[in-house]
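Worksheet for the structure shown next.
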Amino acid sequence: MWLNRDIVSIGDFTKEEIMDVIKRADEMVPYATSGHPRAPLANKIISTLFYEPSTRTRLSFESAAMRMGAKVLGFGSLESSSVAKGESLSDTIRILNGYSDAIVLRHPSEGAARLASEFSDVPIINAGDGAGQHPTQTMLDIFTIWKETGKVDGKHIGMIGDLKYGRTVHSLSKALSMFDISLYLISPDELRMPKHIKKDIEKSVPVKETRDIESVIEELDVLYVTRIQKERFPDINEYNKVAGSYSIRPALLSKAKKNLIIMHPLPRVNEISPEVDNLPQAKYFRQAAYGVPVRMAILDLILRGE
Ligand code: CP
């Protein structure tokens, strides 16, 4: 079921399979800082192939691989690889098949990971494909909700920010629609969740859409904040219209449930004030740290199949 499986889209997984990852990740937590004592992936090599910048996804995958005893290969930069000579994604994937046991791929084009999986005999792990999907981020987001609040079912979950281009919220809303939750989509009109995604989610869970965080903050158990991604706007004037349109500050949180948790896939720019960082609700740095045990679990499942 798991051996050699591609991780391309969260929609390829059932709720039970997502929970398999969550439970395995919980077992990995003690080893995420010290290394797994049995080094179960000692004979494995993981390639990291990043056509877009990354700090958390790339380095937490590398850390996870090393904590499991695997070795890691990666480009220093695209300019120092044959991508700079025009080598295609499909050829690059075929080449890395000869060098490694799994490939972690981030690419600016939606659908790139699916395409790569068609050329690959080793598992492709989608580390973000344009405005498409970021399934391993979703698994660590679900893990964070589960770990920090005790469960996912029953929660009122708000997503605020760039719901149009944000691949993390596209993946996460799809996954959450498999749980018994209520979803709040909070954004300027220009950055609303794409209609086809909203329609799909609404088949399974109640969805409330608003521009105004103040009107729903009291109802939320989880507030998932996202950056407005300048790099995804085809027109800078469109970006300028919405830049800085919201910022999470302590005054807003004074109206929230006391157990509210605030998450963010990071990086942030100014959508969460630094004054929030030391409040008990702020979970985003811990969320980033959970990237290691969750990715240890994913690598373990797809490379050992048990
Ligand atoms: N959350 C996330 O994808 O961060 P990076 O872009 O730093 O990998």
Side-chain angles (χ1 to χ4, degrees), residues 7-10 18 21-22 25 32 46-67 72 74-78 102-113 116 124-148 157 159-176 191 222-233 248 261-272 276-277 282-299:
I7 311 245
V8 170
S9 168
I10 202 70
I18 293 171
V21 175
I22 301 309
I46 315 295
S47 288
T48 54
L49 181 54
F50 277 63
Y51 289 76
E52 275 191 337
S54 168
T55 296
R56 277 148 291 275
T57 311
R58 178 174 182 159
L59 298 184
S60 65
F61 258 116
E62 293 187 358
S63 175
M66 291 177 199
R67 296 290 197 204
V72 178
F75 294 156
S77 67
L78 291 177
I103 300 169
V104 183
L105 171 68
R106 173 170 287 185
H107 197 280
S109 302
E110 197 168 332
I124 297 290
I125 303 175
N126 183 2
D129 60 331
Q133 285 263 323
H134 196 346
T136 67
Q137 176 72 44
T138 294
M139 290 174 181
L140 85 86
D141 292 341
I142 302 247
F143 181 76
T144 304
I145 297 170
W146 179 82
K147 190 83 177 154
E148 295 297 320
I157 300 174
M159 298 179 174
I160 183 167
D162 180 357
L163 308 187
K164 179 175 182 180
Y165 297 113
R167 58 193 173 204
T168 59
V169 284
H170 297 168
S171 285
L172 182 58
S173 56
K174 175 70 187 166
L176 288 172
L191 296 178
V222 177
L223 178 61
Y224 191 95
V225 187
T226 62
R227 178 174 65 94
I228 297 183
Q229 304 171 95
K230 191 175 184 178
E231 67 274 22
R232 302 258 178 253
F233 282 74
I248 307 303
I261 66 166
I262 302 171
M263 297 170 60
H264 191 312
L266 304 177
R268 73 170 150 184
V269 184
N270 48 19
E271 58 279 358
I272 301 180
V276 173
D277 294 354
K283 301 296 182 194
Y284 29 94
F285 294 119
R286 197 177 292 186
Q287 176 188 357
Y290 287 146
V292 176
V294 171
R295 289 170 172 134
M296 289 169 76
I298 291 167
L299 292 174

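As a basis for the values below, the full set of heavy atoms in this structure was taken, side chains included, without hydrogen atoms, waters or symmetry mates. Whatever order the structure lists ligands and atoms in, that order sets their numbers, starting from 1. Residues: numbered from 1 along the sequence shown.
The shortest distance between side-chain heavy atoms of D162 and R227 does not fall below 4.5 Å.
Checked by atom type, the side-chain pair D141/Q137 shows a donor-acceptor distance below 3.5 Å. A side-chain donor from one of T57 and R106 sits under 3.5 Å from a side-chain acceptor of the other.
Ring planes of Y51 and F75: perpendicular class, angle over 60° (limits at 30 and 60°).
Proximity of a side-chain donor or acceptor of E271 to a complementary backbone N or O of V269 within less than 3.5 Å is detected.
In this structure, the side-chain contact (heavy atoms from CB on, under 4.5 Å) partners of A175, at least two apart in sequence or on a different chain, are I10, I18, T138, I142.
Each of S54, T55, R56, T57, R106, H134, Q137, P265, L266 has a non-hydrogen atom positioned under 4.0 Å from some atom of ligand 1.
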